[in-house]
Number of protein chains: 2
Amino acid sequence: MSTIKEVAELAGVSIGTVSHVIGGSVPVSDSLRRKVLAAIRALDYHPNHIARSLKTRKTRTLGMVVPDMTIPFFPQVIRSAETAAHAHGYSVIAVNSDDSTARQKEVLSLLRSQRVEGILLVIASGHGSQTQVPKLIESGIPVVCLDRLPEGIEVDSVCVEDGAAAEMGVSHLLSLGHRKIAILTGPLTLRNERERLRGYKQAIERAGLAVNDSLVWEAKLNQEDVSAVCREHLTHSSTRPSALFCTNGVTGIGALRGMAACGLSTPEDIAFVTFDELTAEDIFRPSITSVVQPAYEIGYRAAEILIERIQAGPTQGPRIAARLPATLKVRESSTGAEVVKVLRGGRR
Amino acid sequence: MSTIKEVAELAGVSIGTVSHVIGGSVPVSDSLRRKVLAAIRALDYHPNHIARSLKTRKTRTLGMVVPDMTIPFFPQVIRSAETAAHAHGYSVIAVNSDDSTARQKEVLSLLRSQRVEGILLVIASGHGSQTQVPKLIESGIPVVCLDRLPEGIEVDSVCVEDGAAAEMGVSHLLSLGHRKIAILTGPLTLRNERERLRGYKQAIERAGLAVNDSLVWEAKLNQEDVSAVCREHLTHSSTRPSALFCTNGVTGIGALRGMAACGLSTPEDIAFVTFDELTAEDIFRPSITSVVQPAYEIGYRAAEILIERIQAGPTQGPRIAARLPATLKVRESSTGAEVVKVLRGGRR
DNA sequence: CTGTTAGCGCATTCAT
DNA sequence: ATGAATGCGCTAACAG
């Protein structure tokens, strides 16, 4: 791996000149520029970003932490963040936290050591407090939280309008005549899960019904736990709800599995609506009514906000809290029919 | 962001001593170590990897290039590679090439500038030659190719036994009595697509049939093109095959869409088998018979091989070509029944 | 055991 | 327009 020095020698100029033609900021005569470019090609020279960063104190790199890239929602967000970053000359390095606060701590520390200029963070769902975040921000590394927002921490954030989105899904079930609607959430340690639960309650109460706590089910974000919780609540037909609303894709898939395990199917036995799309709904049956998040926009906006913060410097401007509307895609799991309607969530 | 110097000052020791307690290689007295540790905590000090890397010429980082993380196969591979890397003290930074050779060139150059110690590469499918790869290897950066292997280039590789896997899928259709079996491949510029096609032909010929070129369909890796190709071949019932084999998840989904657009369904009108799983097959209908790749193992092995190469130094040992067996999951799209059988691909 | 020092490769003054 | 010199933060070799 050749260095700027070798390029300079081969071109017969000083390293300063080489640096100038690479940087482009300082003018260089055409003859020298040509020689330098030739030498660069001859040596297959690739500037050492490490050294450059050490000098300039800029890495042009964003860190991104997600719980688990194999959950389909996240690759979409990462990719759009990458696109936005790229448009501003930034790269993004994405890492998994395994949805563990301990591991999240490790990767944040790693990202810090790598001197990323900002961090896009989807927090882990464990109980650990998110004290790292203010530390990061204090120390000059802007953070934008996506999707899942931490408690009581001043930080820029981008997510869907959780409450309104959930309310939209549940209202849809109510409008279909359902009165006994259960909700299956992920860990309520996550604020967005609580928000979605709030939206559910609001919809129920607006319909003049009372919230029945025995219809509020909480599960961890893994298939086993979700299925177990479902089976526990679905075995007895007396207590069974007529409809089920799931607050995310993981609980959504798990619930369908749990229902299948109980010999129940949707929409025949239980009407079903979930956050997030589970599959190619145009092909597979039952097609599932979904509250769809604007995943692409969430990632894109988050990266843009982050880069703006970076470029604005450590200004203590007001925190940005972008809330994007979700879309309700009505399919047969709720209606029983194969009609597909689309409702846009209102921006409020 | 504090530096080692500040830590040293606060602790009242030299920067050498701080470096020693961090590195752990050189013994330090307990009293000093405690002081240093306290200073580190007090300052919330995070060692600058940039500076460290510049000095040690090691980044402990692997680069990984995939065409598109939103294709479900890739996040699995990335995650397992990350797991393997982490076990050896490495991080991985994954980037998308958008399946474009031009963009791939850019990101490889970027990765090189970032001085990653090795690269896991899933090549783009365009026509561009992969001359970058030998350059990378020559210059001391080991490369392991996954999934898609470049032409005529000496490089370590890990992928599924493409030919055998395809043959297994097609043989399954033959065993069901199908005689007019079409194959829908991705770009045949990709060797693995050609290998899968070879497996198809082998199965057909072993059954004593002749390969009919009009049943070999090729499409680009995007929904529009795949659907168009399908519709073109499926509209006339006279030329319609009784079964369709798709060589990857993208053409698989696209084909199902194309079939739906022609008013055809599987398994009733056309038996269907595809590489890769398309959805949660235990829940949605039709469940699709799939040739399943060991995604986790592919990523894991690839990372292990790469790290071994890195640690072995620029030895010119023999190239490793790991070929992993696929699994055939028989479901209703081929059999019409809801039985599920599982056949393991033989390791040969 | 502890401290001192010389670069790692590069961008950037500051001269010329 | 070009070049020489400085130092970013750190590790490793060495001296004490």
Side-chain angles (χ1 to χ4, degrees), chain A residues 1-37 39-40 43-61 89 109-110 112-117 139-141, chain B residues 1-37 39-40 43-61 89 109-110 112-117 139-141:
Chain A
M1 197 73 86
S2 44
T3 71
I4 197 173
K5 201 169 149 196
E6 295 167 339
V7 173
E9 277 163 14
L10 181 58
V13 300
S14 73
I15 65 171
T17 302
V18 176
S19 181
H20 293 152
V21 347
I22 293 172
S25 52
V26 178
V28 177
S29 71
D30 249 33
S31 65
L32 283 200
R33 175 198 312 291
R34 243 190 296 282
K35 278 193 210 165
V36 169
L37 259 17
I40 287 178
L43 294 174
D44 192 24
Y45 168 70
H46 291 250
N48 187 330
H49 276 199
I50 304 283
R52 176 181 294 168
S53 296
L54 184 59
K55 179 68 186 174
T56 62
R57 307 161 133 290
K58 302 204 161 325
T59 54
R60 285 274 171 179
T61 301
S109 177
L110 187 67
R112 237 181 123 147
S113 281
Q114 313 238 88
R115 295 299 187 267
V116 297
E117 294 183 34
S139 72
I141 302 181
Chain B
M1 198 73 84
S2 44
T3 71
I4 198 174
K5 201 169 150 196
E6 295 167 335
V7 173
E9 276 163 13
L10 182 59
V13 300
S14 74
I15 65 170
T17 301
V18 176
S19 180
H20 294 153
V21 346
I22 292 170
S25 52
V26 179
V28 177
S29 71
D30 249 35
S31 65
L32 284 198
R33 174 195 316 288
R34 244 190 296 282
K35 280 193 211 164
V36 169
L37 259 17
I40 287 178
L43 294 174
D44 193 23
Y45 168 70
H46 291 249
N48 187 328
H49 276 197
I50 305 282
R52 176 183 292 168
S53 295
L54 184 59
K55 177 65 187 176
T56 62
R57 311 164 128 286
K58 304 205 158 326
T59 54
R60 285 274 171 181
T61 300
S109 177
L110 188 68
R112 235 179 124 151
S113 281
Q114 313 237 85
R115 296 298 189 267
V116 297
E117 294 183 35
S139 71
I141 302 181

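Which of D/dT11, D/dG9, C/dC1 sits closest to the side chain of B/R52 comes down to D/dT11. Closest approach to the B/T3 side chain among C/dG3, C/dG9, D/dC10 is made by D/dC10 (side chain taken as heavy atoms from C-beta onward). Taking only side-chain atoms of A/H20, from C-beta outward, the nucleotide of C/dT2, D/dT2, C/dC1 with the closest atom is D/dT2. Of the candidates C/dC1, D/dG3, D/dT11, D/dT11 carries the atom nearest the B/S19 side chain, counting heavy atoms from C-beta on. For A/L54, taking side-chain heavy atoms from C-beta onward, the closest of the listed nucleotides C/dC10, D/dG9, D/dT2 is D/dG9.
If you measure from atom CD of A/Q114 to atom P of D/dC10, you get 14 Å, rounded to the nearest angstrom. What separates CD1 of A/I15 from P of D/dA4 is a distance of 9 Å, to the nearest Å. Spacing between atom CD1 of A/I4 and atom P of C/dT12 amounts to 11 Å, rounded to whole angstrom units. In this entry the distance linking CG of A/N48 with P of D/dC10 reads 17 Å, nearest Å. Following rounding to the nearest Å, A/K55 (NZ) and C/dC8 (C1') show an atom-to-atom distance of 14 Å. To the nearest angstrom, P of C/dT12 lies 10 Å from NZ of A/K58. Between the NZ atom of A/K5 and the P atom of C/dC8 there is a distance of 7 Å, rounded to whole Å. A straight line from CD1 of A/I50 to C1' of C/dA11 spans 16 Å, rounded to a whole angstrom.
Within 4.0 Å of B/S29, counting heavy atoms only, lie sugar-phosphate atoms of the nucleic acid but no base atom. Across all strands shown, A/L32 has heavy atoms under 4.0 Å from sugar-phosphate atoms exclusively, and none from any base. At the heavy-atom level, A/I22 lies nowhere under 4.0 Å from the strands shown. The residue B/V13 sits close only to the backbone: its heavy atoms come under 4.0 Å of sugar-phosphate atoms, none of a base.
At least one side-chain heavy atom of B/P47 sits under 4.5 Å from a side-chain heavy atom of B/R52.
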For the pair A/T61 and A/Q114, evaluate side-chain contact (heavy atoms from CB on, under 4.5 Å) and give the outcome as yes or no after the intermediate values. CA-CA 9 Å; A/T61 301; A/Q114 313 238 88; over 6 Å; no
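The two residues A/I4 and A/Y45 have their closest heavy-atom pair at N-CE1, 3.5 Å.
Between A/S31 and B/H46, the residue anchored closer to the 5' end of DNA chain D is A/S31, taking for each the nucleotide with the nearest heavy atom. If B/R57 and B/V26 are placed on DNA chain C by their nearest nucleotide, the residue sitting closer to the 5' end is B/V26. Each of B/T56 and B/T17 was matched to the nucleotide of DNA chain C holding its nearest heavy atom; the match closer to the 5' end belongs to B/T17.
The pair B/D44-A/R112 meets the salt-bridge criterion, with a side-chain N (NZ, NE, NH1 or NH2) lying under 4.0 Å from an Asp/Glu carboxylate O.
Looking only at distances, a side-chain donor or acceptor of B/S53 sits under 3.5 Å from a matching main-chain atom of B/K58.
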